[in-house]
Structures are given as structure tokens and as C-alpha cells.
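For reference, the structure is listed below as C-alpha cells.
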Amino acid sequence: MQADTGHAKAYPGRAAVVSWIFFDWAAQPYFTLITTFVFAPYFAAFVAPDPASGQALWGFATAAAGLAIALLSPVLGAIADASGRRKPWIAGFGALLVIGASAMWIGKPGNPDVIPALLLAYAIASVGVEFATVFNNAMMPTLVPPDKIGRLSGTGWATGYVGGILSLVLVLGFLAANAATGRTLFGLTPLFGLDPVTHAGDRITGPLTGLWFVIFVAPLFLFTPDYPAKRPIREALGEGLRELRGSLASLPQQKSMARFLLANMIYTDGLISLFAFGGIYAAGTFGWDTIRIGSFGIILAIAGTFGAWLGGKLDDALGPKRVIAGSLSILLLAVIVILTVNKDSILFIPVAPPVPGGPLFAGAAERAYIVLGCLIGAAGGPMQAASRTLLIRLAPKDRIGQYFGLFALTGKVTSFIGPLLIGAITAATASQKAGMAVLVVFFLLGLALLARVRA
């Protein structure tokens, strides 16, 4: 990488940047395999008593983890700024991800006794991956000049999607089999003797996610330089908390930053909920099994890869605010249309329902859901990548960690509200569609607040 002569600052070489990008590759299977396309739908369909209660229980666990992340993110970010180093935090919280994800193997079908321990493991892993991401994001300003931050963020997100795709292909093609046929998507017997009857191929996604993270996060620790150490943790605790109080007190004067953080709080809540329940919603609406949901996930991840890559270029060319606004508009439109899609209708127009045991995605409504999912995948990546770019452009450079903590705070402080509302409304109405309708409000409010941010 070339030095940014305008700022008289040298940046590390390509190996350091590529190794940082691989964090997204290492972490993404957690979101792809666990929270979206394989384990969450499996939990709702086979571990919980029924899909509606499964969606509700998963929502409550997601809400609890989100609340813990919201409360601690700014504090930990401020302490990290004061202490200097980022890697020890990434390692510590990465360990929580590995432990929690690996423990999810216990979630055997039809055994309600494991549900509390399973949801606890899911919450621990969620806390681990989110906190590790906070400190990884805080390393960005030291890696490339400011005019390349958007491309770096978009490339990281796109690389993460590719990692998610490959992990999903690995699970569907070689590990998870249809219980009726005993064969994977590629027509193979599952590797390692994984039993389709006990859904071992679905449950192995937990340990696989942990192993994947350990392997692919290693380059970050080997080749990406850390911030230099400033002071011991005990001193950093007091200093970090003082700086955090100062930053919070100054937010009313930083109107654009405050508005952006509030907008991020709302639209990220909607996006997290959409990703968390998209697979569960499809399982309940169309009766999709793991292979169908996973295939749907591969298609979405491919769309997300191209969306994030293109979004990174548009970010540097047009600015992150415009990228976020465009992405939000697409998400809003997609969710509204999804609410009109049923097994036998699209936009309230009757269509032929899928034939039981027929070809993959043969129904018109299923194909419409896939198209809408591709729009969501293509818009979600750029929105998240551009959001962390906009934060870097707005935040003081010497407090980037605590502002990424505040960024995580606003992304999580109400993140329990979306899943909680979806879970509560779904439980009260016994309707997945009614629960998902709340997402329209989140995206509308986020778009309205973003319009008042001056980048």
C-alpha cells in the first residue's frame, strides 16, 4: 500500500490488509450457518415444539444477547482505545464464539430439555462474534488511506460472503442430508458418518463454525500490525470510562453523529431481525427443509457478494450515506412484497402451489421469494459496509474504538426489540407474517433519520 502523503502517514503492506479482510471470512459462517440458513431454521422446525414457538424462543435468545452486547460495547471500546491494543480483545471474544458455537452440537431433535442450554450457547457465541467484530472494525483506519476506506470495507464484506457461501456449500454438499433419502445436496452419503435421522449434519454447523474461525482468523494475528500498547488494562479502564463519558456528553453537539447513530440503531435492528428470521420464515411459509433453505442461502450470499463489492466502489465514488439510503430503499420494498407472498399467491394474485416432492424451487411463489431474497442480500452487505465507513468519516480518529463501541451499541441497544417484537407478535397471533410486518416500520424510520445526517 502507498503512503497517504496528505496525512504524512505510512500504511502497512498488502499482506496486512488481506489478513485483516480474512476476519470477515472467518466470522461470516456464524451468521450464514447458525443464525440464518441452517441451525436457526433447524431449531425452529425440529428442536422446538413447533415453528412459531421456535421463532419466538430464538427471538428471545437473540434479544438477550443483543442487550448484553449493547450495554458492554461502548465500555470495552473505550478501554481498548485507552490501552491501545485490539488483538487481545479479538482473541478473547473469538474464544467465546468458538466455545458457544461448538456447544450447539447438543441440540438434538425432539429433545426440549436441551433448549435452555442450547439457547445459552447461542447467546454466548453471539456475544463473542459481535465483540470481536467491534475491535476488528476499529483497526480499519490504520490499514489504508481515508479515500480507500469504502473499498476496504466493501471488500471485507464481500470476502465474508464468499466464506459464507463456501461454508454453506460444504455443509449442504457433504455433511447435511435429507432425513428421507439419507443423501446430501450432491447426492452423497454424509461425511464422518453424520446421521441424517438425528440431524447431525445440521448440528455440526456449530463445531464447524468454531473450527473455521480459528483457522481463518490466524492470518490477522500473524501479519496485521496491532495498535501499540499505551497503558495497562487497569489504568485503561479508568481512562477509557472517562473518555466515554466525555464522548457521550458531547454527542448533543455532534448532531450528524448523533443522528447517524440513532438511524443505525433502528435500521440495523431491522436488518438483524430480517436476517435472523428470513430462513425461519421460509421454513414456515413453504415447508422448506435444510437443503432448500441452504440452497436459498447460497443464492443470497452470491447476490450479497456482488452487492458488497459494488457497494464498496460506490461508497468511495458517491459517499457512504447515499449507499446506505439506496440499500434501505431496496430492503423496504423487498420486505413489503415478501409480506404478500404465500405458498399459493404473489401480491395477492393466486399462483400454482409447489408440488410436494417436486423439483427444487418449482413453485412460482418460491421463485419470487428467491428473487426478493437476492435483493435483500445485495442491499444488506453494502448497507452494513457503508455504515462502518460513515462512522469512520464522522468519528474522532483518536477515539475510533469507543465510537465503534457506540456504533455497536446503537446496532445492539435496541436489537432485542426487533426479535422481541417478532417473537411476541408471532406468539400472540400464531402468524409468522404478522411478526415480520414490524420490519417495515424499522426501515422507514431509519431512512427518515438518515436523511438528516450530513456526511
Side-chain angles (χ1 to χ4, degrees), residues 30-70 96-97 99-130 176 198-207 209 269-290 293-294 297 412 414-439 442:
Y30 178 77
F31 303 103
T32 301
L33 299 179
I34 303 296
T35 69
T36 308
F37 296 116
V38 180
F39 199 94
Y42 158 71
F43 172 83
F46 297 102
V47 182
D50 58 79
S53 62
Q55 177 168 300
L57 287 168
W58 197 261
F60 297 147
T62 303
L67 183 59
I69 293 163
L96 289 184
L97 163 62
I99 293 169
S102 299
M104 296 177 75
W105 168 257
I106 67 174
K108 291 185 178 181
N111 183 8
D113 293 339
V114 305
I115 289 178
L118 183 60
L119 294 178
L120 177 61
Y122 163 62
I124 289 172
S126 296
V127 167
V129 72
E130 292 290 351
T198 62
H199 290 268
D202 300 309
R203 294 186 290 121
I204 198 66
T205 54
T209 294
D269 195 358
L271 187 65
I272 289 172
S273 302
L274 180 58
F275 282 163
F277 293 104
I280 295 174
Y281 184 80
T285 301
F286 301 110
W288 285 355
D289 56 18
T290 296
I293 293 174
K412 291 295 181 183
T414 60
S415 66
F416 68 94
I417 292 181
L420 185 63
L421 284 175
I422 291 175
I425 294 172
T426 301
T429 62
S431 168
Q432 289 183 289
K433 194 177 296 293
M436 294 292 283
V438 72
L439 298 180
F442 283 95

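As the structure is a computational prediction, the values presented were derived from the model and not from experiment.
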Practice problem: Can you see which heavy atom on A101 is nearest to which on A125, and at what distance? | Solution: N-CB, 3.6 Å

Self-check item: CD1 on I34 to OG1 on T205, rounded to 0.5 Å
Solution: 3.5 Å

Quiz item: For Y122 and T62, does a side-chain donor sit closer than 3.5 Å to a side-chain acceptor?
Solution: yes

Quiz item: To the nearest 0.5 Å, how far apart are CZ in R203 and OH in Y42?
Solution: 5.5 Å

Exercise. For residues G54 and A48, report the shortest heavy-atom separation together with the two atoms involved.
Key: CA-CB, 3.4 Å

Quiz prompt | Whether Y30 side chain and S126 backbone form a donor-acceptor pair below 3.5 Å | solution = yes

Quiz item: What is the distance from atom CG of L439 to atom CG of L274, rounded to the nearest 0.5 Å?
Solution: 5.5 Å

Quiz item: Between I106 and L118, which heavy-atom pair has the shortest distance, and what is it?
Solution: CD1-N, 4.2 Å

Practice problem: To the nearest 0.5 angstrom, please state how far the CD1 atom of I115 sits from the CZ atom of F43. | Solution: 4.5 Å

Quiz item: What's the shortest heavy-atom distance between A65 and V127, and which atoms?
Solution: O-CG2, 4.1 Å

Quiz prompt | Value rounded to 0.5 Å, distance of CD1 in I204 from CZ in F39 | solution = 11.0 Å

Quiz item: If every non-hydrogen atom of A123 is compared with every non-hydrogen atom of A61, which pair is closest and at what distance?
Solution: CB-O, 4.5 Å

Quiz prompt | Heavy-atom pair with the smallest gap, counting every atom of T35 and F31 | solution = OG1-O, 2.8 Å

Exercise. Measure the CD1-CG distance between I124 and L119 for me, rounded to the nearest 0.5 Å.
Key: 11.5 Å

Quiz item: How are the rings of H199 and F46 set to each other: parallel, tilted or perpendicular (split at 30° and 60°)?
Solution: tilted

